[in-house]
Protein chains: 2
Amino acid sequence: MNSKNLFSERSRRKRLSQQLISLRSLVPNITKMDKRSVLVDALAYLKSIHEETARLQAELEEKMTDAPQEEKVAEALEGRRTVVKGSGNKKSRHKSQILEIDTEKIEDRRFVVKMTCRGGSGVGGEVLRAVESLGFDITYTSLDQIKPQHVLITIFVRIRKPGRMTEEKLKDCITSSAIRSGLTLHNP
Amino acid sequence: MNSKNLFSERSRRKRLSQQLISLRSLVPNITKMDKRSVLVDALAYLKSIHEETARLQAELEEKMTDAPQEEKVAEALEGRRTVVKGSGNKKSRHKSQILEIDTEKIEDRRFVVKMTCRGGSGVGGEVLRAVESLGFDITYTSLDQIKPQHVLITIFVRIRKPGRMTEEKLKDCITSSAIRSGLTLHNP
DNA sequence: TCCTACACGTGACTC
DNA sequence: TGAGTCACGTGTAGG
């Protein structure tokens with residue numbers, strides 16, 4: 001009868017508002033308990049924290065470029081360290097870009113991601129970090145330098161929830177995460 | 001009459017769902033267009049990005065207070081890496097650690113580095129970034145999840161200058177770079 | 001047919 | 001007396 005629909009509709013509303021409540025609990029600076037305001041505040045907070053992350057990442061990147069190179073470390077470990085730090089060695093980073101990305105479903109919850117990337121030393125870590133930040137289960141990864149500045153990355157991914165993920169969606173996920181991480185796309 | 005309330009209620013619903021849509025547009029990894037799933041995903045994303053920010057902040061903070069860098073490295077290499085700072089022990093946030101590291105020389109300028117690491121999602125990127133920051137030429141890398149939270153990383157490295165690098169020195173280079181990047185050592 | 005998710009109009013409640 | 005928000009039950013469209 002209608003009573004079934006009534007129940008399910010009730011529980012649906014309940015779950016929805018409960019989700020909204022738990023969302024509200026995670027967002028600071030909640031001005032109003034108002035339903036819509038929660039969404040607005042959540043959106044604003046998301047945007048702000050997004051900027052913050054980008055800022056931190058940039059700052060950290062800058063610090064990273066001051067990391068001692070191969071010889072410096074070797075010398076330091078030999079005892080004759082001539083550590084001269086502080087001089088602004090600003091490399092033009094962020095040259096890493098994704099040339100191509102392809103996803104393939106191999107079984108219900110398992111995918112293979114193949115991407116060719118261009119960039120100097122560091123491109124592997126950047127790409128891997130971008131993919132790992134999505135929280136998927138990564139069972140195997142290989143990075144193959146096919147020629148100077150060019151790396152072929154193969155990633156085996158297992159999705160947590162079955163059935164929901166498609167090849168295209170996974171590709172989009174990784175792409176947007178990469179862009180968020182500062183990588184660029186090379187669209188042919 | 002009721003017609004006024006009707007209109008305002010319509011516009012209210014409209015604004016609400018519009019807010020939901022704009023929230024959805026900001027959240028990646030959208031599994032379903034489903035109304036409630038948007039909230040769930042937004043919540044998950046918020047949580048993940050929150051962790052990421054905290055992690056970055058911690059990392060950056062560590063970089064900032066990096067005056068006794070050589071000491072930290074030396075101590076870690078000696079195995080007596082106890083908590084140096086008397087104040088807060090922020091190390092608990094970083095769970096990624098190197099369980100074992102082994103280097104092998106295969107020819108004059110080529111080495112194989114094998115390391116088993118422990119840590120959640122993100123350990124691969126961290127380790128890889130640490131190694132890549134040394135500026136070596138990395139020809140091939142594989143990351144194999146041997147069991148949950150445990151990754152076996154194999155890296156093929158080519159050194160620029162021949163003759164000056166030893167297995168032990170390379171191991172030290174990578175170890176200290178890893179420590180500098182915030183990873184910890186598990187010394188048996 | 002059943003089930004799910006949705007938008008709708010309406011009554012109730014608060015400021 | 002409104003103007004705003006909310007929860008409710010219902011009709012309906014897609015799977």
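No hydrogens, no waters, no symmetry mates; every other heavy atom, side chains included, goes into these values. Here is the naming used below: chain letters follow the sequence lines, and residue numbers restart at 1 for every chain.
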Between [X] ([atom1]) and [N] ([atom2]), how many Å, whole number?
X: B/L6; N: C/dG9; atom1: CG; atom2: P; value: 5 Å
X: A/Q18; N: D/dA7; atom1: CD; atom2: P; value: 12 Å
X: B/F7; N: D/dG2; atom1: CZ; atom2: P; value: 18 Å
X: B/R15; N: C/dA7; atom1: CZ; atom2: C1'; value: 16 Å
X: B/D34; N: D/dG14; atom1: CG; atom2: C1'; value: 14 Å
X: B/R13; N: D/dT5; atom1: CZ; atom2: P; value: 13 Å
X: A/M33; N: C/dC13; atom1: CE; atom2: C1'; value: 17 Å
X: B/L16; N: C/dC8; atom1: CG; atom2: C1'; value: 14 Å

(Q) If you go through the side-chain atoms of A/E9, does one of them form a donor-acceptor pair with the base of D/dC8 closer than 3.5 Å? (A)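 No pair found.
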Q. Should B/E107 and B/R110 count as an ion pair when the cut-off is N to O under 4.0 Å?
A.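 Here B/E107 pairs with B/R110 in a salt bridge, since their nearest N and O are under 4.0 Å apart.
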Q) Does the distance from a Lys or Arg side-chain N to an Asp or Glu carboxylate O, for A/E167 and A/K171, drop under 4.0 Å? A)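 A salt bridge is absent here (no side-chain N lies under 4.0 Å from a carboxylate O).
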**Q.** Nearest-nucleotide 5' precedence on DNA chain C, B/R10 against B/K35
**A.**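 Taking each residue's closest nucleotide, the earlier one in sequence belongs to B/K35.
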Q. Can you check whether A/S22's main-chain N or O pairs, donor with acceptor, with A/S25's side chain at less than 3.5 Å?
A. yes
**Q.** NZ/B/K105: more than 12 non-hydrogen atoms of other groups inside 6.0 Å
**A.** yes
Q. OP1, OP2 of D/dA7 versus side-chain N and O of A/K14: anything below 4.0 Å?
A. no
Q. Does a side-chain N or O from A/R12 land closer than 4.0 Å to OP1 or OP2 of C/dT4, or not?
A. no
